[in-house]
Amino acid sequence: MTRLPRHLTLELTAKCNFRCPYCYCVWHEFPALARPALDLAGWRRVLDRCAADGVDDVLFTGGEALLRPDLFDILRYARRALPAARLALFTNGSRMTEALLRAFRRRRIHLATSLQGLRSYRELTGTRRRFERQLALLARAAELKWPFAVSITATRANRDEIADVFSAAALSGASSILVAAMMAEGRGRAHLGLMLSRSEWEGVKEEIRALPSCGVPCSFADEFLCACREQPADLLRRFADPAHAPCPAGRAFGVIGPNGTFRDCLHTVAARAVRA
């Protein structure tokens with residue numbers, strides 16, 4: 001590859017303490033894309049390359065990034081290498097504490113998390129955890145005046161409470177909310193029965209739009225199936241969007257996976273080496 005795009009997602013680890021049935025991470029289908037995992041020195045080399053190529057927007061994610069014991073070593077290096085860049089971290093929130101909230105605020109690391117359900121939270125995270133902790137984190141971040149964005153994935157398991165989930169996130173202090181359709185990618189391919197139909201998804205969007213405004217920016221992600229990879233004919237028949245616009249993956253944004261290889265998109269399997 002010649003040059004990294006300006007906006008990058010760095011998947012720091014494939015490890016996660018949740019087992020969300022809708023998870024679209026590509027290594028659920030292709031484990032080799034997560035191995036061997038980069039060590040701290042490897043991520044420093046990646047960040048050096050980011051600096052050389054003028055990357056100015058980086059999202060650190062996983063898996064669950066907070067499972068890495070050297071996470072703050074990586075973040076400190078990132079801030080030195082990319083002093084003017086926007087740095088953000090996506091976490092499932094399970095290991096977040098007030099001390100970490102304050103540490104991320106000091107380092108100017110923006111935060112994002114997921115809130116997939118209320119009654120359905122345990123089913124959709126594959127854990128015994130409760131949603132109340134997520135709401136408390138959002139509220140505390142709002143008190144600390146540090147943005148904490150929320151994503152919600154619409155499935156058959158949470159369809160009847162989507163409006164309640166959205167309202168709970170907004171009222172608890174989410175800085176913005178992304179509502180996405182579950183995709184037929186990653187682990188989701190083994191749980192296609194959880195996916196909504198397109199008409200059901202359009203109903204979800206109308207329901208969200210009809211809610212009273214809480215002053216929280218909202219956006220929608222309509223993609224059911226990644227157009228950046230070759231797809232089986234049966235999935236194309238069921239989930240392809242005839243109105244899908246060309247994707248800017250690989251040009252406007254890209255992904256560096258746990259093993260340090262570059263992919264054009266979160267869902268594609270074609271990977272290329274990144275050299276500092």
Enquirer: In this structure, are over 12 heavy atoms from other groups packed under 6.0 Å from Arg86 atom CZ?
Expert: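 Yes, CZ of Arg86 has more than 12 neighbouring heavy atoms, counting only those of other groups under 6.0 Å.
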Enquirer: Does Leu8 belong to the same Ile/Leu/Val/Met/Phe/Trp/Tyr cluster as Leu111, with side-chain heavy atoms less than 4.5 Å apart forming each link?
Expert: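 Per the 4.5 Å side-chain linkage, Leu8 and Leu111 are co-clustered.
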Enquirer: Taking the six-membered ring for Trp, are Phe104 and Phe148 closer than 6.0 Å centroid to centroid?
Expert: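 No; Phe148 has its ring centre 6.0 Å or more from that of Phe104.
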Enquirer: Does the Thr113 side chain pair with the main chain of Thr91, one donor and one acceptor, at a distance under 3.5 Å?
Expert: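 Judged by distance alone, yes, a pair lies under 3.5 Å.
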Enquirer: Is Leu12 reachable from Phe90 through a run of hydrophobic residues whose side-chain heavy atoms are each under 4.5 Å from the next?
Expert: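 Phe90 does not cluster with Leu12.
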Enquirer: Has Arg263 got a side-chain atom pairing as donor or acceptor with Leu33's backbone, closer than 3.5 angstrom?
Expert: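 No.
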Enquirer: Salt-bridged, Arg119 to Glu161, with N to O below 4.0 Å?
Expert: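 Here Arg119 pairs with Glu161 in a salt bridge, since their nearest N and O are under 4.0 Å apart.
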Enquirer: Side chains of Glu11 and Ile256: does their closest heavy-atom pair fall under 4.5 Å?
Expert: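 Side-chain contact under 4.5 Å: no.
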Enquirer: In terms of hydrophobic clustering (I, L, V, M, F, W, Y; side-chain heavy atoms under 4.5 Å; direct or indirect links), are Leu124 and Ile177 co-clustered?
Expert: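 Same cluster: Leu124 reaches Ile177 through Ile, Leu, Val, Met, Phe, Trp or Tyr contacts under 4.5 Å.
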Enquirer: Could you state the interatomic distance from CD1 (Ile152) to OG (Ser114), rounded to the nearest 0.5 Å?
Expert: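 Separation between the atoms: 9.5 Å.
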Enquirer: Do Gln134 and Gln116 have side-chain N/O donor and acceptor atoms under 3.5 Å apart?
Expert: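 On atom types as modelled, these side chains do not qualify, holding no pair under 3.5 Å.
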Enquirer: Determine whether a donor-acceptor pair (N or O, by modelled atom type, separation under 3.5 Å) exists between the side chain of Trp146 and the backbone of Ile109.
Expert: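 At least one qualifying donor-acceptor pair exists.
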Enquirer: Report the distance from atom CG of Asn92 to atom CG of Leu66, rounding to the nearest 0.5 Å.
Expert: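 Those atoms lie 7.5 Å apart.
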Enquirer: Which pairs pass ring-ring contact (aromatic ring centres under 6.0 Å, His included) with one or both residues in residues 21-52, sequence neighbours excluded?
Expert: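 Output for this query lists Tyr24-His267.
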Enquirer: What's the separation between atom OG1 in Thr125 and atom CZ in Phe131, rounded to the nearest 0.5 Å?
Expert: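 The distance works out to 12.0 Å.
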Enquirer: Report yes or no: does Glu207 contribute a side-chain atom to a donor-acceptor pair with the main-chain N or O of Ile162 at less than 3.5 Å?
Expert: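 Flag not set: sc Glu207 to bb Ile162 has no pair under 3.5 Å.
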Enquirer: Salt-bridged, Arg198 to Asp222, with N to O below 4.0 Å?
Expert: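 No, Arg198 and Asp222 are not salt-bridged.
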Enquirer: Hydrogens and angles aside, do Tyr77 and Asp48 bring a side-chain donor and acceptor to less than 3.5 Å of each other?
Expert: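 There is such a pair (donor and acceptor under 3.5 Å, judged by atom type) between the side chains of Tyr77 and Asp48.
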Enquirer: Any Lys/Arg nitrogen of Glu200 or Arg156 sitting under 4.0 Å from an Asp/Glu carboxylate oxygen of the other?
Expert: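 Arg156 and Glu200: salt-bridged.
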Enquirer: Are any non-hydrogen side-chain atoms of Arg129 and Arg122 less than 4.5 angstrom apart?
Expert: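 The answer is no; the side chains never approach within 4.5 Å.
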Enquirer: Using a strict 4.0 Å threshold on nitrogen-to-oxygen distance, state whether Lys15 and Glu64 make a salt bridge.
Expert: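 So Lys15 does not pair with Glu64 through a salt bridge.
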Enquirer: Asn158 side chain to Thr153 main-chain N or O, any donor-acceptor pair under 3.5 Å?
Expert: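 Flag set: sc Asn158 to bb Thr153 pair under 3.5 Å.
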